[in-house]
Every structure is written in C-alpha cells, then in structure tokens.
Number of protein chains: 2
Amino acid sequence: MSQAFNNTQPIYLQILQRLCRQVVRGEIKAGEKLLSVREMALQCGVNPNTVQRVYVELERLEIAETRRGLGSFITEDEARLKRLRKQLKNEQIENFIADMAETGFSPEEILAGVREKLPDNKGRRRD
Amino acid sequence: MSQAFNNTQPIYLQILQRLCRQVVRGEIKAGEKLLSVREMALQCGVNPNTVQRVYVELERLEIAETRRGLGSFITEDEARLKRLRKQLKNEQIENFIADMAETGFSPEEILAGVREKLPDNKGRRRD
DNA sequence: GTATGTGTATTAGTTAGATGGTACACTATG
DNA sequence: CATAGTGTACCATCTAACTAATACACATAC
C-alpha cells in the first residue's frame with residue numbers, strides 16, 4: 001500500500017474512508033477480520049496510534065466491532081452495511097451537485113459533463 | 001458571512017475556494033477589487049494573516065494581482081478566468097467520478113443518481 | 001507635509017494531527 | 001503456567017494551521 005496521503009485531510013480520515021469504500025464495494029465482507037492495528041500501521045506506513053484512531057471511529061459508526069485481544073471485525077449487520085452504501089452514495093452525489101451549483105454550473109451542464117467523463121458513455125467523450 | 005468552516009480543510013483553502021467560485025460564477029468580475037485583508041478577515045471572523053495567505057495564493061495562481069498600498073484585484077485576463085472555469089469543472093467532475101467508482105458504483109448507477117438529485121430533473125426525484 | 005487605508009513582515013503562542021516509545025490488559029494456544 | 005498476538009492507554013515531541021499583536025512600506029487624499 002503505502003499510498004500518498006497527499007491531501008490536507010487528516011490521514012486517519014483517509015484510512016477510514018478507504019476502509020468504508022472497501023466494505024461498500026465488497027472487497028471486505030461482513031464479519032471479516034481487519035488487519036491488526038500494528039499490521040495496518042506497517043502496511044500504510046503510519047503510526048499504530050493513527051490506525052487505532054481509525055478503528056475507534058469505525059466502532060463508533062457501528063461499522064466494525066473490536067474484541068479485545070482478538071482484533072477488529074466488520075459488523076455482521078448486513079443492514080448496517082446497506083445503509084452505509086446508501087449514505088456514501090447520497091453524500092457523494094449531493095456534495096458534488098452542491099459544489100457544482102456553487103461554482104455556477106447549470107443542471108444541464110452538470111449532467112452533460114458527467115456523461116462526457118463517464119467510462120463507457122456511448123462515444124460522447126471529447127477531451 | 002462568518003460561515004462555519006466545519007471541515008478538516010484548512011480555513012485559508014476554504015476561503016480560496018469560495019473566492020474562486022465567486023469569480024467563476026461571475027459574482028466577482030474581472031478587474032474588480034477584493035476586500036482588503038483586514039476587511040475580509042473581519043467578515044470571515046478570521047485572522048488577517050490567514051486572509052493574507054489566501055491573497056498570496058491567488059496571486060501565485062494568477063487569478064488576482066495585488067498592488068501595494070492599493071489592494072488586491074481580480075485579474076483583467078479574461079482568458080485566465082475562462083481557464084479557471086474549465087479547470088474547476090473538470091476537477092470537480094473527475095474527482096466525483098473517481099470517488100464513486102472507488103466506492104463501487106457503476107457508470108449507470110452514477111448517472112442515474114446524479115439525474116435523480118439534480119434540481120430540475122423532469123419528475124424523476126425519489127427521495 | 002499628515003492621515004488613512006492598503007499590503008507585507010516578523011515574532012510568539014495555541015491547537016490538532018501525527019509520530020515514537022513504552023507499558024498494560026485481554027484472548028487463545030500450547 | 002508461559003508465550004504470542006491482540007486492543008488500549010499513556011506521555012513526550014514535532015509540525016502545520018491558525019491566532020495575536022506589532023511594526024513597516026506604499027499609495028491616495030487632504
């Protein structure tokens with residue numbers, strides 16, 4: 001791994017986001033064990049304390065449960081994971097549309113722009 | 001103003017972004033004078049040094065020019081502003097699509113989702 | 001010239017995020 | 001019991017972002 005962490009976003013939030021996305025797209029399944037704090041820290045090139053913060057937050061969100069001495073596990077609650085999927089979808093779309101509107105782009109321009117950049121639009125690409 | 005500045009993003013970047021968007025959507029026009037460092041600081045409820053940083057950055061981006069003793073002014077270079085518009089549009093759309101893809105949403109789902117949430121879609125709203 | 005409103009520079013202090021290191025508590029295994 | 005792998009809890013330190021206060025340089029108007 002050892003990705004960049006370029007952003008101005010705190011690293012722990014970036015790791016949190018990455019884990020949530022891995023769960024939503026099924027790369028990590030319900031009930032599955034996460035890497036230990038120390039392993040994940042090694043893999044990310046980050047301090048264990050930073051990963052610890054991620055796992056605490058995941059537990060607060062009820063996306064993972066930690067069992068002392070055993071490790072952290074993604075929740076078995078599939079309904080919770082479905083909610084997470086919907087939540088991420090809504091948030092990402094709504095934030096995007098709000099950003100675009102604030103920058104002055106019309107709904108038509110937004111829709112056209114998205115269609116243009118989408119992977120398999122039917123030959124509408126321009127750039 | 002005195003907006004929230006909720007994010008984990010540095011305040012000076014948030015102000016920078018807001019100004020860029022105001023320029024792109026025409027609320028601030030080419031050649032127009034910006035608020036002084038001190039005024040803007042007051043309006044934003046922020047330290048003058050923080051605003052100073054924004055103006056320096058705007059100058060580096062060639063979006064504004066500062067004239068010592070006079071103030072900071074949006075560039076007269078309309079071509080530069082057109083480029084800024086295109087840049088913001090591309091960045092926002094590409095980041096959005098990349099985020100959605102990373103979260104596991106298909107192009108169809110992305111397009112449908114956007115259409116659904118857009119202000120004046122023709123009765124396709126659901127939520 | 002003086003006064004005012006600009007940008008600019010410097011210094012010091014606070015805070016959150018992140019690091020580094022150590023130690024402790026719990027669980028499973030043998 | 002001992003051991004190893006877990007999560008958990010501290011503590012000291014570093015850095016960037018932000019604040020606070022002051023001072024200086026330039027431009028304009030009087």
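Sequence lines set the chain letters: A, B, ... in the order given, protein chains first and strands last, and positions in each chain run from 1.
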Original post:
Out of A:Lys89, A:Arg85, A:Glu91, which residue meets the side-chain hydrogen bond (donor to acceptor under 3.5 Å, both in side chains) rule with A:Gln87?
Top reply: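 Option passing the side-chain hydrogen bond (donor to acceptor under 3.5 Å, both in side chains) with A:Gln87: A:Glu91.
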Integer-rounded Å distance: [N] [atom2] and [X] [atom1]:
| X | N | atom1 | atom2 | result |
| --- | --- | --- | --- | --- |
| A:Phe73 | C:dT27 | CZ | C1' | 11 Å |
| A:Leu13 | C:dA16 | CG | P | 14 Å |
| A:Tyr55 | D:dT8 | OH | P | 11 Å |
| B:Glu39 | C:dG7 | CD | C1' | 13 Å |
| A:Arg53 | D:dG7 | CZ | C1' | 17 Å |
| A:Glu65 | D:dT6 | CD | P | 18 Å |
| B:Gln52 | C:dT6 | CD | P | 14 Å |
| B:Met40 | C:dG7 | CE | C1' | 14 Å |

Has [X] got a side-chain atom pairing as donor or acceptor with [Y]'s backbone, closer than 3.5 angstrom?
| X | Y | result |
| --- | --- | --- |
| B:Gln14 | B:Gln9 | yes |
| B:Glu32 | B:Lys29 | yes |
| B:Thr103 | B:Asp99 | yes |

**OP:** Sequence neighbours left out, what passes side-chain contact (heavy atoms from CB on, under 4.5 Å) with A:Glu39? Give chain and number order.
**Re:**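 A:Leu35, A:Ser36.
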**OP:** Only counting residues at least two apart or in another chain, list the ones meeting side-chain contact (heavy atoms from CB on, under 4.5 Å) with B:Arg53.
**Re:**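 For B:Arg53 the side-chain contact (heavy atoms from CB on, under 4.5 Å) partners, ignoring immediate neighbours, are B:Tyr12.
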Original post:
Reading nucleotides 20-30 of chain D 5' to 3', which nucleotides get B (base under 4.0 Å from a protein heavy atom), which S (sugar-phosphate only), which -?
Top reply: BB-B-SBSS--
I want to check one thing: is the phosphate of [N], taken as OP1 and OP2, less than 4.0 Å away from some side-chain N or O of [X]?
| X | N | result |
| --- | --- | --- |
| A:Thr50 | C:dT19 | yes |
| A:Ser36 | D:dG5 | no |
| B:Thr66 | C:dG7 | no |

Original post:
Can you tell which of C:dT6, C:dG17, D:dG7 lies closest to the side chain of A:Ser72?
Top reply: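 It is D:dG7.
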Original post:
Could B:Glu57 and B:Arg60 be called an ion pair, given the rule that one side-chain N must be under 4.0 Å from one carboxylate O?
Top reply: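 A salt bridge is present here (some side-chain N lies under 4.0 Å from a carboxylate O).
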